[in-house]
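To keep things clear, I will list the structure first and then write my remarks on it.
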Amino acid sequence: MHMIPPHIHRDFFNRDTVTVARALLGQLLVRNHPDTKEPIAGIIVETEAYLGVRDKAAHTYNYHRTDRVRTMWGLPGHAYVYFTYGLHHCVNCTTMPESTPQAVLIRALQPTHNLPFIHSMRPKAKSATNLCSGPAKLTQALDIARALDGADLCSDQSPLYIAQVRKRSHSTSKITASPRIGVNYAQEWAKKPLRFHLTGNLHVSRQ
DNA sequence: GTGTCGATAATCT
DNA sequence: GATTATCGACACG
């Protein structure tokens, strides 16, 4: 595509987590990778809110605090990257002030920048809408792993950051809310509408 | 298009 | 030793 807009301000993340999850839709996730001159990026089209110590689906439920989730307890606007299912990485944006361990999981991107790199990392993807249509697909596509845990999302010098495409108050597309994916163990928290996606977008993990 | 199932290892009990 | 904020392959039709 074309020029990448400026990086987002930390205040953006220092807000209610559901507000951030909705406001992130339409913004750009940008990866500065040492092996490629051009940034790799895509529009965020699907997110989930994880509401910290009282949310039974959150990694920080019941004040859980170990090395893995250290980043979630820190400042807003940082990448919380975790490894799961023995195979996959997923990336979150931390929200709320320090010591309020909440985050937004990025679940899908619409690729916009450096498509050759994305295709090289996802050689078996059968269609353009299958490149980044899931939380572990997009970390494969952008080569995001545990080494990026704690990266500052509010600097264009960072290996991973968010660029602000639209103003926080101005919505360009309709947003659909639905239950989060893969959290059936979380009892009453499994049904809450904490997943958000751009209505009708073809790059989401599911409609 | 749908559904089922195995892979695989860090993390926590 | 059990669990897991997933994916891709394969079987259907």
Side-chain angles (χ1 to χ4, degrees), chain A residues 13 17-18 20-22 24-25 29 42 44-74 76 78-96 100-111 118-151 153 160 162 176-197 200-207:
Chain A
F13 297 101
T17 301
V18 167
V20 177
R22 301 179 70 105
L24 277 171
L25 297 174
L29 181 67
I44 298 169
V45 299
E46 178 179 344
T47 60
E48 283 178 359
Y50 284 85
L51 302 184
V53 300
R54 66 202 174 94
D55 177 358
K56 290 180 179 174
H59 289 168
T60 50
Y61 173 62
N62 197 210
Y63 298 88
H64 184 79
R65 186 167 192 165
T66 57
D67 272 354
R68 178 174 74 144
V69 298
R70 183 176 55 233
T71 301
M72 282 194 67
W73 287 88
H78 289 261
Y80 166 51
V81 181
Y82 68 90
F83 182 71
T84 192
Y85 289 107
L87 301 169
H88 302 300
H89 294 275
C90 299
V91 62
N92 299 253
C93 304
T94 60
T95 61
M96 300 286 283
T100 303
Q102 304 191 14
V104 174
L105 173 67
I106 301 181
R107 285 196 55 91
L109 302 177
Q110 176 175 335
I118 290 176
H119 275 106
S120 74
M121 297 303 289
R122 300 260 316 136
K124 291 181 180 170
K126 294 212 167 34
S127 72
T129 54
N130 195 31
L131 290 167
C132 296
S133 56
K137 294 179 189 177
L138 73 91
T139 58
Q140 286 172 28
L142 274 56
D143 193 27
I144 296 168
R146 187 75 174 141
L148 291 190
D149 181 59
L153 296 172
L160 189 69
I162 307 282
T176 301
S178 56
R180 294 173 293 183
I181 309 292
V183 297
N184 294 327
Y185 59 85
Q187 301 165 40
E188 74 273 21
W189 285 87
K191 293 184 177 175
K192 293 181 189 288
L194 295 174
R195 170 179 178 249
F196 306 97
H197 69 272
N201 188 283
L202 297 176
H203 296 265
V204 299
S205 65
R206 58 182 82 172
Q207 294 297 327

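A, B, ... follow the sequence lines: proteins, then strands. Residue 1 opens every chain.
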**Request:** Find the distance A/L131:CG to C/dC7:P and express it as a whole number of Å.
**Result:** 13 Å
**Message:** Let's see if you can work this out: which of B/dT11, C/dA9, C/dC7 has an atom nearest to the side-chain heavy atoms of A/R146?
**Reply:** B/dT11
**Asked** Given that both distances must come in under 3.5 Å, which nucleotide forms a Watson-Crick or G-U wobble pair with B/dG6?
**Response** C/dC7
**Prompt:** Taking atom C1' of B/dA10 as reference, at what distance in whole Å does atom OH of A/Y80 sit?
**Reply:** 11 Å
**Prompt:** Would you call A/Y50 stacked on C/dA5, i.e. ring centres under 5.5 Å apart with the planes less than 30° off parallel?
**Reply:** yes
**A/K124 vs A/Y185, nearer the 5' end of DNA chain C by closest nucleotide** = A/Y185
**Asked** Looking across every strand, which nucleic acid part, if any, lies under 4.0 Å from A/D67 by heavy atom: base, sugar-phosphate, or nothing?
**Response** nothing
**Asked** Looking only at heavy atoms, what is the nearest atom pair of A/R195 and A/Q207, with distance?
**Response** NH1-O, 4.2 Å
**Asked** Is the NZ atom of A/K191 crowded by more than 12 outside heavy atoms at less than 6.0 Å?
**Response** no
**Complete:** Note: for A/H64 and A/G86 on DNA chain B, the residue whose nearest nucleotide lies more 5' is A/G86
**Request:** Please state how far atom OH in A/Y82 lies from atom C1' in C/dT6, giving the value in whole angstrom units.
**Result:** 9 Å
**Message:** Give me the atom names and distance for the closest heavy-atom approach of A/G42 to A/L109.
**Reply:** O-CD2, 4.0 Å
**Prompt:** Contact class for A/A57 vs. all strands (heavy atom < 4.0 Å): base, sugar-phosphate, or nothing?
**Reply:** base
**Request:** Find the distance A/R206:CZ to C/dC7:C1' and express it as a whole number of Å.
**Result:** 11 Å
**Request:** Indicate whether OP1 or OP2 belonging to C/dG8 is found under 4.0 Å from a side-chain N or O atom of A/K126.
**Result:** no
**Asked** What integer distance in Å separates A/Q187:CD from C/dA5:C1'?
**Response** 16 Å
**Item:** Salt-bridge contact A/R180-A/E48 (side-chain N to carboxylate O under 4.0 Å)
**Value:** no
**Prompt:** What is the base-pairing partner of C/dA2, counting Watson-Crick and G-U wobble geometry with both distances under 3.5 Å?
**Reply:** B/dT11
**Asked** Among the nucleotides C/dC7, B/dC12, C/dA5, which one has an atom lying closest to any side-chain atom of A/Q140?
**Response** C/dC7
**Prompt:** So what does A/R68 touch, heavy atoms closer than 4.0 Å: a base, only the sugar-phosphate, or nothing?
**Reply:** sugar-phosphate
**Request:** Name the closest nucleotide to the A/H88 side chain, picking from C/dA5, C/dC7, B/dA9.
**Result:** C/dC7
**Asked** With sugar-phosphate meaning primed atoms plus P, OP1 and OP2, does A/R195 contact a base, only sugar-phosphate, or nothing at under 4.0 Å between heavy atoms?
**Response** nothing
**Request:** For C/dG8, take OP1 and OP2 only and decide whether either is under 4.0 Å from a side-chain N or O of A/R122.
**Result:** yes
**Asked** Can you find an N or O donor on one side and an acceptor on the other, under 3.5 Å apart, linking the side chain of A/Y85 with the base of B/dA7?
**Response** no
**Message:** What contact category does A/H59 fall into here, base, sugar-phosphate, or nothing, at under 4.0 angstrom with non-hydrogen atoms?
**Reply:** base
**Request:** Could you pull out the closest heavy-atom pair between A/L24 and A/I44, with the gap in Å?
**Result:** O-CB, 3.5 Å
**Item:** A/Y61 OH - B/dC12 P separation (whole Å)
**Value:** 17 Å
**Shortest side-chain distance from A/V183, nucleotide among B/dT11, B/dC12, C/dA5** = C/dA5
**Message:** With a 4.0 Å cut-off on N to O distance, would you call A/E46 and A/R206 a salt bridge?
**Reply:** no
**Prompt:** How long is the line joining CG of A/D149 and C1' of C/dA5, in whole Å?
**Reply:** 15 Å
**Request:** Counting heavy atoms from C-beta on, name the nucleotide in C/dG8, B/dA7, C/dT6 closest to the side chain of A/L87.
**Result:** B/dA7
**Message:** Rounded to whole Å, how long is the line connecting atom CG of A/L138 with atom P of C/dG8?
**Reply:** 12 Å
